Each structure stands twice: as structure tokens, then as C-alpha cells.
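The structure appears right after this line, and notes come after that.
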Amino acid sequence: MADKKNPNQNQLNIELDESIADGTYSNLAIINHSVSEFVIDFINVMPGRPKSKVKSRVILTPQHAKRLMKALSDNVQRFEAAHGEIKDYEQPPIPLNFGPTGEA
């Protein structure tokens, strides 16, 4: 019996707080990276409004960024297999004034 693995041993228990469960809408993501991390800022840009704020920021290790990229790619492929191709409508680039200019 000691050789029998506990099926719950590798299970991860994840909680979803009510304030997070509603989510945050974003129609723009800005991605920056350094040698040690990727930073993804999610923004909600409203038409006719010249100013927007970052609504959420996610900081990832390079390894997790690559896993996220693969997971998104896999999910987009499954979505398109079930619902058809997602059309990518070209939009003019948004001129960004993103915080203070950095200096080294």
C-alpha cells in the first residue's frame, strides 16, 4: 500500500476571490521585457478619450511568458476549430505616451 500514490498529491487548489472573478476588460496590452522578466500592462482604451490608465499589470518570468504564449496559441487554435477563424481587423497604431521617459 505504501507504493500507491495519493491522487490528491499533485493537485493544486486555486481560489478565485469575488473581486477578481468579475475580471477587467482590456482592449490593449503593452508588453515590455528585461533579461529576467516580462511585464504585460492591460489597458482599456475608449474611443474619443485621449487618456487611459493601466487597469492591470502582470509580471512573468521568461519561462512563464513562453508557457502563456503556448497556452494562448493552443486555445486560439481550439476556438477557431470550433467557431471559425478570428478576423484580425487592422487598426491604425495608437500613439502612446506611456509614463515618464526612462533614463539610465
Side-chain angles (χ1 to χ4, degrees):
M1 288 275 182
D3 293 326
K4 204 174 197 180
K5 284 192 173 186
N6 182 353
N8 293 331
Q9 185 176 357
N10 294 326
Q11 192 173 36
L12 180 62
N13 205 1
I14 299 173
E15 292 184 19
L16 181 60
D17 188 277
E18 280 186 45
S19 63
I20 300 296
D22 287 339
T24 300
Y25 178 78
S26 171
N27 55 9
L28 176 65
I30 296 175
I31 304 169
N32 290 291
H33 67 276
S34 70
V35 70
S36 61
E37 61 193 14
F38 278 71
V39 178
I40 308 172
D41 288 324
F42 295 95
I43 299 135
N44 180 4
V45 177
M46 298 301 292
R49 299 189 90 176
K51 188 173 182 180
S52 294
K53 286 187 178 182
V54 172
K55 298 293 184 179
S56 181
R57 171 174 277 187
V58 177
I59 303 169
L60 305 163
T61 65
Q63 293 80 9
H64 284 116
K66 192 165 187 176
R67 288 185 197 130
L68 175 62
M69 181 182 71
K70 184 181 181 320
L72 281 171
S73 178
D74 291 347
N75 276 271
V76 167
Q77 288 175 4
R78 283 191 299 216
F79 179 93
E80 289 183 328
H83 304 287
E85 182 182 355
I86 299 170
K87 296 196 180 350
D88 187 12
Y89 300 103
E90 285 293 320
Q91 294 188 8
I94 299 171
L96 298 175
N97 180 6
F98 193 62
T101 57
E103 291 185 18

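Quick caveat, the model's predicted, so the values are computed rather than measured. Hydrogens, waters and symmetry mates are skipped; everything else that's a heavy atom, side chains included, is used.
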Distance, nearest 0.5 Å, that separates [atom1] of [X] from [atom2] of [Y]:
X: Asp41; Y: Ser52; atom1: CG; atom2: OG; answer: 12.5 Å
X: Glu37; Y: Asn32; atom1: CD; atom2: CG; answer: 10.0 Å
X: Thr61; Y: Ile59; atom1: OG1; atom2: CD1; answer: 11.5 Å

Same apolar cluster (I L V M F W Y, side chains within < 4.5 Å links), [X]/[Y]:
X: Leu72; Y: Phe42; value: yes
X: Met69; Y: Phe38; value: no
X: Ile30; Y: Val39; value: no

Apply side-chain contact (heavy atoms from CB on, under 4.5 Å) to Asn44 and list each qualifying residue two or more places apart in sequence or on a separate chain.
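With neighbours one apart ignored, the set is Tyr25, Asn27, Met46, Lys55.
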Using the side-chain contact (heavy atoms from CB on, under 4.5 Å) criterion, which residues pair with Val76? Sequence neighbours excluded.
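Listed in chain order: Glu80, Ile86.
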Taking the side chain as C-beta and beyond, is there a heavy-atom pair between Val58 and Leu68 under 4.5 Å?
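A side-chain contact under 4.5 Å is absent here.
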For Ala29 and Ile40, work out which heavy atoms get closest and say how close.
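It is CB-CG2, 4.2 Å.
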Give me the atom names and distance for the closest heavy-atom approach of Ser36 to Pro62.
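So the minimum-distance heavy-atom pair works out to O-CD, 3.3 Å.
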Is there a donor-acceptor contact under 3.5 Å from the side chain of Ser26 to the main chain of Ile43?
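Checked: pair present.
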Basic-acidic side-chain contact under 4.0 Å: Lys70, Asp74:
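Between Asp74 and Lys70 there is a salt bridge, with a charged N closer than 4.0 Å to a carboxylate O.
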